[in-house]
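Below is one structure, written out as structure tokens; comments come after it.
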Amino acid sequence: QVQLVESGGGLVQPGGSLRLSCAASGSIFVIYDMGWYRQAPGKERELVGIITRGGSTNYADSVKGRFTISRDNAKNTVYMQMNSLEPEDTAVYLCNAYIWTATMHSYWGKGTLVTVSS
């Protein structure tokens with residue numbers, strides 16, 4: 001069994017910063033791409049950014065220059081530093097990872113809520 005557990009969400013004022021973490025655990029052989037998605041109330045889930053095992057990153061245009069994704073392969077953990085947060089960033093942030101156990105699967109965490117409000 002594989003689990004992804006996000007942490008680091010909370011309430012922050014506009015212009016503030018938060019750092020999200022997502023730790024994978026279980027019978028893991030290799031973790032390939034890891035990504036962050038978000039879902040705001042009444043909206044569809046959208047990709048925020050992804051990072052490959054080698055560290056290459058891609059971001060949604062809406063967060064470029066403000067969010068930075070990194071990972072620690074030894075800890076099976078992905079991070080997202082979010083700076084200059086805006087009310088429009090308010091959402092549940094979910095972690096996703098492609099993990100090889102006995103086969104390749106896409107796994108999701110349950111999410112962590114980020115609220116940007118004064």
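Crowding of Gln81 atom CD: a count of heavy atoms from other residues, nucleotides or ligands under 6.0 Å exceeding 12.
Here the closest non-hydrogen pair linking Val92 and Gly111 is CG1-CA, 3.8 Å. Taking every heavy atom of both residues into account, Thr101 and Ser27 meet most closely at CG2-O, 3.0 Å. Here the closest non-hydrogen pair linking Ser117 and Pro14 is C-CD, 3.6 Å. The two residues Ile50 and Ile69 have their closest heavy-atom pair at N-CD1, 3.8 Å. Shown here for Val78 and Cys95, the closest heavy-atom pair between the two residues is CG1-SG, 3.8 Å. Contact record, Ser84 with Ser17: N-OG, 4.4 Å, taken as the closest heavy-atom pair.
Using a 3.5 Å distance cut-off with no hydrogens or angles, the side chains of Asn76 and Ser25 do not pair a donor with an acceptor.
Between Val114 and Thr90 the shortest side-chain heavy-atom distance does not fall below 4.5 Å. Put simply, the side chain of Arg38 reaches to within 4.5 Å of the side chain of Asp89, judged on heavy atoms. Annotation: side chain of Ile28 is in contact with side chain of Val2 (closest heavy-atom distance under 4.5 Å). The shortest distance between side-chain heavy atoms of Ile31 and Arg71 falls below 4.5 Å. Taking the side chain as every heavy atom from C-beta outward, Tyr93 and Met82 approach each other to under 4.5 Å.
Geometrically, Arg19 engages Tyr79 in a cation-pi contact, judged by NZ or CZ lying under 6.0 Å from the ring centre and within 45° of the ring axis.
Here the side chain of Ser62 pairs no donor or acceptor atom with the backbone of Ala60 at under 3.5 angstrom.
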Verify side-chain contact (heavy atoms from CB on, under 4.5 Å) between Arg53 and Asn73, making sure each step is shown before the conclusion. CA-CA 7 Å; Arg53 182 168 179 80; Asn73 290 333; 3.9 Å; yes
Please determine whether side-chain contact (heavy atoms from CB on, under 4.5 Å) holds for the pair Met34 and Asn96, giving the CA-CA distance in whole Å, both sets of side-chain angles, and the decisive distance to 0.1 Å. CA-CA 6 Å; Met34 303 184 82; Asn96 173 260; over 6 Å; no
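Note: Tyr98 OH to Met104 CE = 9.0 Å, rounded to the nearest 0.5 Å. How far CD1 of Ile99 is from CD of Gln3: 11.0 Å, rounded to the nearest 0.5 Å.
Between Lys110 and Glu6, none of the side-chain N atoms (NZ, or NE/NH1/NH2) sits under 4.0 Å from a carboxylate O, so this pair counts as no salt bridge.
For the side-chain contact (heavy atoms from CB on, under 4.5 Å) test with Tyr59, the passing option among Leu47, Thr68, Val48 is Thr68; the others fail.
Among residues at least two apart or in separate chains, ring pair (Phe, Tyr, Trp, His ring centres under 6.0 Å) pairs with a member in residues 33-58 are Tyr37-Trp108.
Grouping the Ile, Leu, Val, Met, Phe, Trp and Tyr side chains by contacts below 4.5 angstrom, directly or via other members, places Leu94 apart from Ile51.
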